[in-house]
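Shown next, in structure tokens, is the structure this report addresses.
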Amino acid sequence: SKQGNYSLLEGESLEVMTKFGDLDAMVVSSLLSEAAEKVLSEDSSKQECHDAYLGLLDSLRQIKLGADAYFQGARFLSIAISMCGIEPEVDRCVRCGSKKSIVGISGEDGGFVCRDCLRDGDDRFGVPQLREFRLVFLGSKLPTLEPSGEKALLIYLSDYLSRRMGIRLKNTEVLRKI
């Protein structure tokens, strides 16, 4: 293209990145590939493309090796969300700044909300789900938490991407059905 990006005319498969026989892993892998395709564009920088595809490759390899597909999917979607510039605030309430009594997430304001600031349109979650949400965005900064691998988190992040950026991932509907 005019921006110096390349189009693939010919290629060969070096490694199969699908974990055959595991429907969940196959659908999550497909969702991640779809997310990478939709988030990146000809306007994406080489560094953004590099980072996105390294993150995608790492998540797909982890799934293939037996890591929890839902957590790996949520981890990659957090990268995609960050690339779109809509990374949520996961350290404090987006409305008042409090670090205590976090009970939900505001899609509208983009992050955690405390009990006092929770509104009707916000999504209320339990502590384990909020920890998991925080874990996928902070990654290695929270080494003591173990992922629970909830499908609901992956679906929520896909819906978050759809609501905030209009990027609708078709494989999310498949996930809802399995």
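Computed from a prediction, not measured in an experiment: that's the story for all the values here.
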So do the side chains of Val113 and Glu108 get within less than 4.5 Å of each other, counting heavy atoms only?
no
I'd like to know if Ile178 and Tyr156 are part of one continuous hydrophobic network [Ile/Leu/Val/Met/Phe/Trp/Tyr, side-chain heavy atoms within less than 4.5 Å].
yes
Rounded to the nearest 0.5 angstrom, the OG-CZ distance for Ser158 and Arg168 is 9.0 Å
Donor-acceptor pair, Glu34 side chain versus Lys170 backbone, under 3.5 Å?
yes
Got a sec: does the CZ of Arg115 have more than 12 other heavy atoms crowding it under 6.0 Å?
no
Quick check for you: to the nearest 0.5 Å, what is the distance between Ile167 atom CD1 and Ile86 atom CD1?
7.0 Å
To the nearest 0.5 Å, what is the distance between CG on Leu175 and OH on Tyr70?
5.5 Å
Paired with Ile63, the side-chain contact (heavy atoms from CB on, under 4.5 Å) test is passed by just one of Asp22, Val28, Asp68, Asp24, namely Val28
Would you find more than 12 non-hydrogen atoms of other residues, nucleotides or ligands less than 6.0 Å from Glu37 atom CD?
no
Using the rule that two of Ile, Leu, Val, Met, Phe, Trp, Tyr join whenever any of their side-chain heavy atoms come within less than 4.5 Å, decide whether Val103 and Phe125 are in one cluster.
no
Any donor-acceptor pair under 3.5 Å from Ser78 side chain to Arg75 backbone:
yes
Do you know the tightest heavy-atom contact between Ser59 and Leu32?
CB-CD1, 3.9 Å
With under 30° as parallel and over 60° as perpendicular, where do the rings of Phe133 and Phe112 fit, or are they tilted in between?
tilted
Can any side-chain N or O of Ser29 pair as donor or acceptor with the backbone N or O of Ala25 at less than 3.5 Å?
yes
Pairwise side-chain contact, Asp51 with Ile79, heavy-atom cut-off 4.5 Å (strictly under):
no
Carefully, step by step, assess Arg124 and Gln129 under the rule side chain to side chain contact (heavy atoms under 4.5 Å, CB included).
CA-CA 10 Å; Arg124 189 178 184 97; Gln129 292 83 14; over 6 Å; no
Provide the closest heavy-atom pair for Arg92 versus Gly97 in the form atom of the first, atom of the second, distance.
CB-O, 3.5 Å
Can you give me the closest heavy-atom contact between Arg164 and Gly110, atom names plus distance?
NH1-CA, 3.3 Å
Going hydrophobic residue to hydrophobic residue with side-chain gaps under 4.5 angstrom, can you get from Leu54 over to Val136?
no
Distance, nearest 0.5 Å, that separates CG of Asp159 from CG of Leu154
9.5 Å
Can Leu40 be reached from Leu169 by stepping across I, L, V, M, F, W or Y side chains whose heavy atoms are under 4.5 Å apart?
yes
Specify the closest pair of heavy atoms between Val39 and Ala80, including all atoms of both residues, with the distance to one decimal.
CG2-CB, 3.8 Å
Distance from Arg119 atom CZ to Asp109 atom CG, nearest 0.5 Å?
5.5 Å
Hydrophobic cluster membership, with links at side-chain heavy-atom distances under 4.5 Å among I/L/V/M/F/W/Y: are Phe137 and Val94 in one?
no
If you take all heavy atoms of Leu60 and Ser33, which pair is closest and at what distance?
CD1-OG, 4.4 Å
As an exercise, state the distance from CG of Leu77 to SG of Cys84, rounded to the nearest 0.5 Å.
10.0 Å
Could you check whether Arg61 makes a cation-pi contact with Phe76, meaning its NZ or CZ is under 6.0 Å from the centre of the six-membered ring and within 45° of the ring axis?
no
Looking only at non-hydrogen atoms, find the nearest pair between Arg134 and Val90 and report the distance.
NE-O, 2.9 Å
